[in-house]
A.B. asks: 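Dropping the structure in here first, questions after.
Atom set for the values below is all heavy atoms of this structure, side chains included, hydrogens, waters and symmetry mates excluded. Remember, predicted model here, so these are calculated numbers, not experimental data.
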Amino acid sequence: MHDLRVFLCQRQQEGAKIYPPNHDFFSAFNITPFEQVKVVILGQDPYHGESQAHGLCFSVAPHVPLPPSLRNIFKELSDDLHIPIPEHGCLTHWARQGVLLLNSVLTVEKGKANAHQGQGWETFTDDVIAVLNEKKEHLVFILWGAYAQKKASFVDENKHLIIKAPHPSPLSSYRGFFGQHYFSRINEDLQEHGMAAIDWQLPPLEEAKQQFQSIEKMNQTVLHD
């Protein structure tokens, strides 16, 4: 982590624009603490467009247009649970219910996908997955795409449910991403093991904006402390 910090500071000094903002690097952990985790959705690295990434994989701030991958996730959600496609892409409502939205790499540079791979984040997030596997029972791991599926080696399939599928990006989504009923399968497994189902329907836009602002303030306070 020391080496990673040195790398990030150096890149900022060299003028690199790093996403998400530094107070959001660990937002997934701030919103979904260990004791609340029930589901893990694993991404690769943050969105690299302006104002998109805020620390939760696949999620964007409420005012940001939906990225293509998230549009496909919402299409599958609507088809699975017969609910309207959300009007925004902020997934904090899921995270607050125990859905850990974890990227393998927690930072990126503007316009440069995968710019911070191999700098140390993977060691940290692999350990996170290993600890969740060891210390928790009956989690559901959603592994979309080949990169995420490599992390299955850290998970005991006798203790946890692993759901694998192609990535929801437009390049790979039609290879089998659609029609898998991820969201209903997650809820069925949670309820089978005595846990509350996830409410997957996102709140209206104005409520989502309020939630987002509240969490941003929390993250800034945590960073300051």
Side-chain angles (χ1 to χ4, degrees), residues 1-37 39-61 67 69-70 91-92 94-95 98-136 139 141-156 160 162 164 167-169 172 215-216 218-225:
M1 297 302 287
H2 175 269
D3 292 344
L4 181 56
R5 179 181 175 86
V6 169
F7 166 76
L8 292 171
C9 289
Q10 180 180 348
R11 290 299 298 136
Q12 286 181 322
Q13 290 169 2
E14 292 169 350
K17 181 68 172 177
I18 294 177
Y19 298 137
N22 60 352
H23 63 266
D24 283 335
F25 286 179
F26 298 101
S27 188
F29 303 98
N30 295 338
I31 304 171
T32 316
F34 175 84
E35 61 273 10
Q36 295 181 16
V37 177
V39 180
V40 180
I41 297 180
L42 191 65
Q44 189 164 346
D45 67 341
Y47 297 121
H48 54 83
E50 182 74 34
S51 301
Q52 288 184 307
H54 67 104
L56 306 182
C57 74
F58 295 108
S59 181
V60 292
S69 293
L70 189 54
L91 306 182
T92 56
W94 297 358
V99 181
L100 181 63
L101 296 163
L102 179 65
N103 278 313
S104 291
V105 177
L106 301 189
T107 57
V108 74
E109 293 180 15
K110 181 178 180 179
K112 298 180 180 179
N114 308 321
H116 290 179
Q117 285 192 8
Q119 298 297 331
W121 282 125
E122 296 93 337
T123 301
F124 170 67
T125 54
D126 285 355
D127 282 351
V128 169
I129 296 169
V131 170
L132 287 168
N133 171 67
E134 179 183 355
K135 302 294 186 181
K136 302 284 283 188
L139 297 179
F141 286 85
I142 303 297
L143 306 179
W144 287 325
Y147 184 89
Q149 289 165 21
K150 293 177 182 177
K151 308 301 182 181
S153 61
F154 297 102
V155 182
D156 182 352
H160 310 287
I162 300 175
K164 301 178 183 178
H167 195 275
S169 71
S172 59
I215 288 169
E216 286 291 283
M218 176 190 71
N219 289 344
Q220 290 171 0
T221 300
V222 169
L223 179 67
H224 179 74
D225 291 344

A.B. asks: I need the His160 NE2 to Leu139 CG distance, nearest 0.5 Å.
C.D. replies: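 Rounded to the nearest 0.5 Å, the NE2-CG separation comes out at 5.0 Å.
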A.B. asks: In the structure I gave you, are the side-chain heavy atoms of Phe154 and Asp127 within less than 4.5 Å of one another anywhere?
C.D. replies: no
A.B. asks: Distance only, no hydrogens: is a donor on one side chain within 3.5 Å (strictly under) of an acceptor on the other, for Gln220 and Glu216?
C.D. replies: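 No donor-acceptor contact under 3.5 Å links the two side chains.
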A.B. asks: Are any non-hydrogen side-chain atoms of Ile41 and Leu91 less than 4.5 angstrom apart?
C.D. replies: no
A.B. asks: Taking side chain as C-beta onward, heavy atoms only, is Thr92 less than 4.5 Å from His54?
C.D. replies: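 Side chain of Thr92 against side chain of His54, heavy atoms only: contact under 4.5 Å found.
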A.B. asks: Could you tell me the separation between the OG atom of Ser104 and the CG atom of Leu42, rounded to the nearest 0.5 Å?
C.D. replies: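 Rounded to the nearest 0.5 Å, the OG-CG separation comes to 4.0 Å.
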A.B. asks: Please confirm whether the backbone N or O of Asn219 pairs with a side-chain atom of His23, one donor and one acceptor, at under 3.5 Å?
C.D. replies: no
A.B. asks: Just checking, Lys151 and Tyr147: is the charged tip under 6.0 Å from the six-membered ring centre and within 45° of the axis?
C.D. replies: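 Yes; both conditions hold, so Lys151 lies above the ring face of Tyr147.
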A.B. asks: What I'd like to find out is whether the side chain of Gln119 reaches to under 4.5 Å of the side chain of Val105, using heavy atoms alone.
C.D. replies: no
A.B. asks: Please name the pair of heavy atoms, one in Ser169 and one in Ser69, separated by the smallest distance, quoted to 0.1 Å.
C.D. replies: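 Looking at all heavy atoms of both residues, the closest pair is CA-OG, 3.3 Å.
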A.B. asks: Quick one, Trp121 and Asp45 - any side-chain contact, counting heavy atoms below 4.5 Å?
C.D. replies: no
A.B. asks: Please determine whether side chain to side chain contact (heavy atoms under 4.5 Å, CB included) holds for the pair Thr125 and Asn103, giving the CA-CA distance in whole Å, both sets of side-chain angles, and the decisive distance to 0.1 Å.
C.D. replies: CA-CA 8 Å; Thr125 54; Asn103 278 313; over 6 Å; no
A.B. asks: Within 45° of the ring axis of Tyr19 and under 6.0 Å from its six-membered ring centre, is that where the NZ or CZ of Lys112 lies?
C.D. replies: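 The answer is no, since Lys112 fails at least one limit relative to Tyr19.
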A.B. asks: In terms of relative ring orientation, are Trp144 and Phe58 parallel, tilted or perpendicular, with 30° and 60° separating the classes?
C.D. replies: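 Perpendicular, since the angle between the ring planes exceeds 60°.
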A.B. asks: Less than 4.5 Å apart, any side-chain heavy atom of Trp94 and any of Leu56?
C.D. replies: no
A.B. asks: Out of curiosity, Asp24 CG to Leu106 CG, how far, rounded to the nearest 0.5 Å?
C.D. replies: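 Reported to 0.5 Å precision, the distance equals 11.5 Å.
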A.B. asks: Determine the minimum heavy-atom distance between Ala53 and Pro21, stating which atoms define it.
C.D. replies: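 Heavy-atom minimum between the residues: O-CD, 3.9 Å.
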A.B. asks: Can you find a pair of side-chain heavy atoms, one from Leu102 and one from Phe29, that are under 4.5 Å apart?
C.D. replies: yes
A.B. asks: Checking side chain to side chain donor-acceptor pair (under 3.5 Å) against Gln10, which of Gln13, Gln12, Glu14 comes through?
C.D. replies: Glu14
A.B. asks: What are the two closest non-hydrogen atoms of Lys150 and Ser153, and how far apart are they?
C.D. replies: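 Closest approach of Lys150 to Ser153: O-OG, 3.3 Å.
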A.B. asks: Taking all non-hydrogen atoms of both residues into account, name the closest pair between Ser172 and His167 and its distance.
C.D. replies: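 For Ser172 versus His167, the nearest heavy atoms are OG-O, 2.9 Å.
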A.B. asks: Looking only at side-chain N and O atoms, does Asp156 offer a donor or acceptor that is under 3.5 Å from a partner on Asn133?
C.D. replies: no
A.B. asks: Testing the basics here: between Pro46 and Val108, what is the closest heavy-atom pair and its distance to 0.1 Å?
C.D. replies: O-CG1, 3.8 Å
A.B. asks: Is it the case that the side chain of Lys136 and the backbone of Phe34 share a donor-acceptor pair, with hydrogens and angles ignored and the cut-off at 3.5 Å?
C.D. replies: yes
A.B. asks: Is there a donor in the side chain of Thr107 and an acceptor in the side chain of His116, or the other way round, less than 3.5 Å apart?
C.D. replies: yes
